[in-house]
Amino acid sequence: MFPPGSLAMTAVVLLLGTAALAQTPDTKRWRRIERAMVLSASAGEPVQRLRLAPGVVTTVLLDSDAVLEGELPEALHGLFTRLDVTETHLLLQPAVAMPARGVPPLVLRFTDAAAPQRLVLELTTEANVVDSVIDVRRHPATVTQLEAELVALRERNALLEARLATARRQVPHPGLAGAILSGAIGITGVLGTWMDTPASEAELKVRQLDSYRSGSWVALAVNLENPPGEAPWQPGIARLTSLDSNGRPTGEPMELPLLLQEPRLLPGQSAVAVVQWPAPTRPPPAYALELWDTGRRRGVRWARLKP
């Protein structure tokens, strides 16, 4: 099943350990399997199951030098009579069956430049089968696979460049200049209206509610106060639902950013929160509005608003 070199090395390992690794009669009930473990560079980081049994020696042969990644996990020390890790092979003899949970994997890192670079061995025990000899073989990536990886990396770099360009853009101008440059207001100006619609439910105090409309935007400004003795309130989202003339929802609700000059409202503190959305061509008769904190636990709700 294995190349001559692999079997020769297996014989050497087993002969050297014959005296120290004498097996008890109880180990005879395990059916020993010799198999190859093929690692493909195109399959991502390989995670392989290694079937172990109490008192049975398992040998893992590596096709190139590898080292243990980090220190040997402390949780493994009490599970093995012998656990040897060299550059070319592993020798494992468990003292007990591997627990169903809580067994950390053995992680090996190959020292050459070929892929895959790491091998993660998940240590398990099955009913009556044990891996006695494992021959690990890596398949190098083909030209096609390397070209596909290169294309993926270039696409990722392009996305990062776009994000970097966005981050480097100039901060919007404050005040009227920013509103004019962004197109939020034009020669027709902005219409502001004070609204006296009370909130239907409120964990915060609403001190004032105003609506603003320009040619392309609608905005609501809500002066909120976090009552004394309450926990700090951090703005999350605004949920806006279009209503028909009978007060029934039409379409999917919009979830919009809830803008607040302050990072959060401390107990007893007040500030103006703003929510804005593009002005529709045909405005609905009314909206339902909800303002929530980041955890969606405390907020303010209006069952029907006409901005």
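Keep in mind it's a predicted model, so treat the numbers as computed, not measured.
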Participant: Can a salt bridge be assigned to the pair Asp63 and Arg138 using a cut-off of 4.0 Å between side-chain N and carboxylate O?
Facilitator: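 Here Asp63 pairs with Arg138 in a salt bridge, since their nearest N and O are under 4.0 Å apart.
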
Participant: Does this structure show an ion pair linking Arg239 with Glu252, if we count only N-O contacts that are shorter than 4.0 Å?
Facilitator: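 Answer for the salt bridge query: no.
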
Participant: So among Leu305, Leu224, Asn223, which one has a side-chain contact (heavy atoms from CB on, under 4.5 Å) with Leu209?
Facilitator: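 Passing option: Leu305.
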
Participant: Are Glu201 and Arg301 ion-paired here, with the side-chain N under 4.0 Å from a carboxylate O?
Facilitator: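 A salt bridge is present here (some side-chain N lies under 4.0 Å from a carboxylate O).
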
Participant: Does the side chain of Gln208 come under 3.5 Å of the side chain of Asp210 through a donor N or O and an acceptor N or O?
Facilitator: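 Distance-only check passes for Gln208 and Asp210.
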
Participant: Do Glu126 and Arg49 meet the salt-bridge criterion of a basic N to acidic O distance under 4.0 Å?
Facilitator: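 Result for this pair is yes, salt bridge flagged.
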
Participant: Compute whether any side-chain donor of one residue and acceptor of the other, for Arg51 and Thr125, lie under 3.5 angstrom apart.
Facilitator: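 No, Thr125 and Arg51 have no side-chain donor paired with an acceptor closer than 3.5 Å.
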
Participant: Pairs of donor and acceptor atoms involving the side chains of residues 95-108, under 3.5 Å and at least two apart or interchain, shall be tabulated with distances.
Facilitator:
none

Participant: Sorted by first residue and then second, give each salt bridge (charged side-chain N to carboxylate O under 4.0 Å, His left out) pair with at least one member in residues 259-275; sequence neighbours left out.
Facilitator: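 Listed once each, the pairs would be none.
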
Participant: Are Val206 and Val274 in one and the same hydrophobic cluster, where Ile, Leu, Val, Met, Phe, Trp and Tyr link if side-chain heavy atoms are under 4.5 Å apart?
Facilitator: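 Looking at the clustering, Val274 is in a separate group from Val206.
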
Participant: With heavy-atom distances below 4.5 Å as the criterion, would you say the side chains of Met37 and Leu119 are in contact?
Facilitator: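 Met37 vs Leu119: side chains touch.
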
Participant: Of all heavy-atom pairs between Glu225 and Arg207, which one has the smallest distance, and what is that distance?
Facilitator: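 That would be OE1-CD, 3.5 Å.
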
Participant: Taking side chain as C-beta onward, heavy atoms only, is Gln117 less than 4.5 Å from Asp112?
Facilitator: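 Yes; the side chains approach each other to less than 4.5 Å.
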
Participant: Under 3.5 Å, is there a donor-acceptor pair linking the side chains of Thr197 and Arg304?
Facilitator: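 Judged by distance alone, the side chains do not pair up.
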
Participant: Closest approach of Arg298 and Pro227, non-hydrogen atoms and distance?
Facilitator: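 In terms of heavy atoms, the two residues are closest at NH2-CD, 4.2 Å.
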
Participant: Do Leu50 and Thr58 come within less than 4.5 Å of each other through their side chains, counting heavy atoms only?
Facilitator: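 A side-chain contact exists here, since the closest heavy-atom pair is under 4.5 Å.
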
